[in-house]
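Report on the following structure.
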Number of protein chains: 2
Amino acid sequence: MNPALRDRWLARAERSMAEAGLRAGAARSRVVAVMAEDGQCLVGARDVVDRLRDRGAVGSQASVYRVLDELTSLGLLRRSLDDQGLAQYEIDDAAHHHHHLVDEDTGRVEAFEDADLEEAVIAAARRLGIELTGHEIVLRGRRPS
Amino acid sequence: MNPALRDRWLARAERSMAEAGLRAGAARSRVVAVMAEDGQCLVGARDVVDRLRDRGAVGSQASVYRVLDELTSLGLLRRSLDDQGLAQYEIDDAAHHHHHLVDEDTGRVEAFEDADLEEAVIAAARRLGIELTGHEIVLRGRRPS
DNA sequence: ATTCTTGCAAACTGTTTGCAAGCTC
DNA sequence: GAGCTTGCAAACAGTTTGCAAGAAT
């Protein structure tokens with residue numbers, strides 16, 4: 001977990017929520033706090049629910065899902081689905097552009113950045129004659145032991 | 001739709017199914033036929049169901065889902081999920097390695113191949129120190145009009 | 001004749017929604 | 001005090017599964 005990123009995002013989140021007229025209710029505050037810490041790479045919506053319920057911090061999963069959805073609409077989170085169709089979220093931060101690496105052995109997902117790969121994507125888009133608006137890359141593999 | 005690919009896949013499908021002791025029931029045959037034609041790029045499971053039901057070719061969606069799942073287990077199809085978590089399938093053919101390009105305007109998905117991009121992926125995996133077992137790339141963009 | 005396949009309907013699971021009570025500003 | 005938030009429970013949708021009737025070999 002990257003503390004600088006966490007704080008930057010928290011600051012932005014607070015600003016965005018205030019601007020949108022959203023109040024600091026219990027569920028919302030807790031979800032934001034969890035995402036700032038654990039949402040720097042993909043977290044399952046279910047995991048967020050469980051983490052908050054274990055702590056007794058949030059009463060219902062509906063609230064968690066609702067807040068995650070809201071934060072996504074505000075551009076604070078990015079939503080995706082895992083292989084099984086379960087919702088996952090991660091912080092949406094312009095300066096933290098990254099892709100995902102899935103370990104075939106453990107199933108664990110981690111983030112990576114690679115400037116050359118980015119350039120290759122841009123070059124490919126040019127060859128295809130499209131104006132690129134986004135892209136996602138998932139690498140699957142194993143770490144040699 | 002590429003007829004050569006269709007025929008190659010149909011032949012392989014027939015062989016694999018026979019080897020597995022699967023019989024040529026109505027539902028299975030129809031699903032295979034549809035996938036050979038329309039499954040060269042991602043098709044929604046639901047679309048397959050609808051297409052076959054409109055034709056009166058298959059009585060229940062359960063059969064379609066079952067067959068799609070079977071074909072995936074046999075390595076004949078590859079399964080994924082769209083943005084909304086709906087199941088999608090496409091032909092799994094070694095010689096037809098491709099990625100996907102999503103048109104931001106229409107939402108339509110099409111396949112593309114790009115050798116340089118493939119190399120960039122391999123190079124990135126090497127830099128990351130992983131043994132690559134697979135990868136997926138989704139490009140989003142729009143075609144300049 | 002035997003075994004696989006199909007269709008039906010019910011079950012399942014994660015996610016979403018309606019509503020009344022509670023809390024924030 | 002007004003109106004946003006929350007929690008509960010019920011609804012939802014796509015997908016999966018159990019089972020009895022119907023085919024394929």
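Note on naming: letters A, B, ... go to the chains in the order of the sequence lines (proteins, then strands), and numbering restarts at 1 for each one. Remember, predicted model here, so these are calculated numbers, not experimental data.
- Distance CD (B:Q61) to C1' (C:dA9): 11 Å, rounded to an integer number of Å.
- With hydrogens and angles disregarded, no donor-acceptor distance shorter than 3.5 Å links the side chain of B:R143 to the backbone of A:I130.
- Within 6.0 Å of the CZ atom in A:R28, the count of heavy atoms belonging to other residues, nucleotides or ligands exceeds 12.
- Residue A:R30 contributes atom CZ, which lies 16 Å from atom P of D:dT5 at whole-angstrom precision.
- Here D:dA9 presents its C1' atom at 12 Å from CZ of A:R66, a figure rounded to the nearest Å.
- Nearest nucleotide to the side chain of B:S60, out of C:dC8, C:dG14, C:dT17: C:dC8.
- Between the side chains of A:R53 and A:Q61, not a single donor N or O lies within less than 3.5 Å of an accepting N or O.
- The distance from atom CD of B:Q40 to atom CH2 of B:W9, rounded to the nearest 0.5 Å, is 10.0 Å.
- DNA chain C is contacted by both B:G21 and B:G59; B:G21 maps to the nucleotide lying nearer its 5′ end (nearest heavy atom per residue).
- The pair A:R140-A:D83 meets the salt-bridge criterion, since a charged nitrogen lies less than 4.0 angstrom from a carboxylate oxygen.
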Let me have the donor-acceptor pairs involving side chains of residues 74-82 of chain B, under 3.5 Å, with sequence neighbours excluded, atom names and distances please.
unit_1: B:R78; atom_1: NH1; unit_2: B:E90; atom_2: OE2; d: 3.0
unit_1: B:R78; atom_1: NH2; unit_2: B:D92; atom_2: OD1; d: 3.2
unit_1: B:R79; atom_1: NH1; unit_2: B:Y89; atom_2: OH; d: 3.1
unit_1: B:D82; atom_1: OD1; unit_2: B:Q84; atom_2: N; d: 2.8
unit_1: B:D82; atom_1: OD1; unit_2: B:G85; atom_2: N; d: 3.0
unit_1: B:D82; atom_1: OD1; unit_2: B:L86; atom_2: N; d: 2.9

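- Near-neighbour residues of DNA chain D inside residues 70-92 of chain B, defined by a heavy atom below 4.0 Å, number-ordered: B:R79, B:L86, B:A87.
- Heavy atoms of A:A27 sit under 4.0 angstrom from primed sugar atoms or phosphate atoms, though from no base atom.
- Note: CG (B:L52) to P (C:dT6) measures 12 Å, nearest angstrom.
- Counting to the nearest Å, the C1' atom of C:dT16 and the CG atom of A:L68 are 13 Å from each other.
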Report the C-alpha distance between B:H135 and B:H97 in whole Å, list the side-chain angles of each, state the deciding distance to 0.1 Å, and finish with yes or no for ring pair (Phe, Tyr, Trp, His ring centres under 6.0 Å).
-> CA-CA 10 Å; B:H135 63 282; B:H97 179 67; 5.1 Å; yes
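- For the residue pair A:E118/A:H99, the side-chain donor-acceptor check at 3.5 Å is satisfied.
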Scoring nucleotides 20-25 of chain D by protein non-hydrogen atoms under 4.0 Å (B base, S sugar-phosphate only, - none) yields ---BBS
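- The two residues B:D47 and B:V43 come nearest to each other via the heavy atoms CB-CG1, 4.1 Å.
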